Amino acid sequence: GSAYRIFFDELHRHLEQTRDIFDGDALPGKDEVYEACARFHTIKGGAGFFKLQDLAAVAGKLEELLNLPPE
């Protein structure tokens, strides 16, 4: 349905914008890493809603790996 199409359009947008964060020569800053973490969290939730367990698991692992410890 249309919700599924919206999810995949948003998934594509999130992945493109996350790739842009990590594509450069410079290391991303804390705010950029937080943004990527939030994007993976969003992907995880959407994938879970549509019962895409593998995608949800990968997004969750990436979110976990990018989650910065508090200072």
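Remember, it's a predicted structure, so these values are computed and weren't measured experimentally. Heavy atoms only: backbone and side chains are in, while hydrogens, waters and symmetry mates are out.
For the atom pair K61 NZ and L66 CG, the distance stands at 11.0 Å (nearest 0.5 Å). Atom CD of Q17 and atom NE2 of H12 lie 9.5 Å apart (nearest 0.5 Å). The distance from atom CD of E32 to atom OG1 of T18, rounded to the nearest 0.5 Å, is 11.0 Å.
In this structure, I6 is not a member of the same hydrophobic cluster as F49, with clusters built from ILVMFWY side-chain heavy atoms closer than 4.5 Å.
The neighbour count for D54 CG, taken as heavy atoms of other residues, nucleotides or ligands under 6.0 Å away, does not exceed 12.
At least one side-chain heavy atom of F8 sits under 4.5 Å from a side-chain heavy atom of L11.
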Going by atom type alone, with no hydrogens or angles, which donor-acceptor pairs under 3.5 Å involve a side-chain atom of residues 40-48 and a protein atom two or more places apart or on another chain?
| from | atom 1 | to | atom 2 | distance (Å) |
| --- | --- | --- | --- | --- |
| H41 | ND1 | E63 | OE1 | 3.4 |
| H41 | ND1 | E63 | OE2 | 2.9 |
| T42 | OG1 | A38 | O | 3.1 |
| K44 | NZ | E63 | OE1 | 2.9 |

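R5 has a carboxylate O that lies under 4.0 Å from a charged side-chain N of D9, or vice versa, which qualifies the two as a salt bridge.
Using cut-offs of 30° and 60° on the angle between ring planes, the pair F50 and F7 is tilted.
Applying the side-chain contact (heavy atoms from CB on, under 4.5 Å) test between R19 and each of L15, D23, I21 identifies D23 as the sole match.
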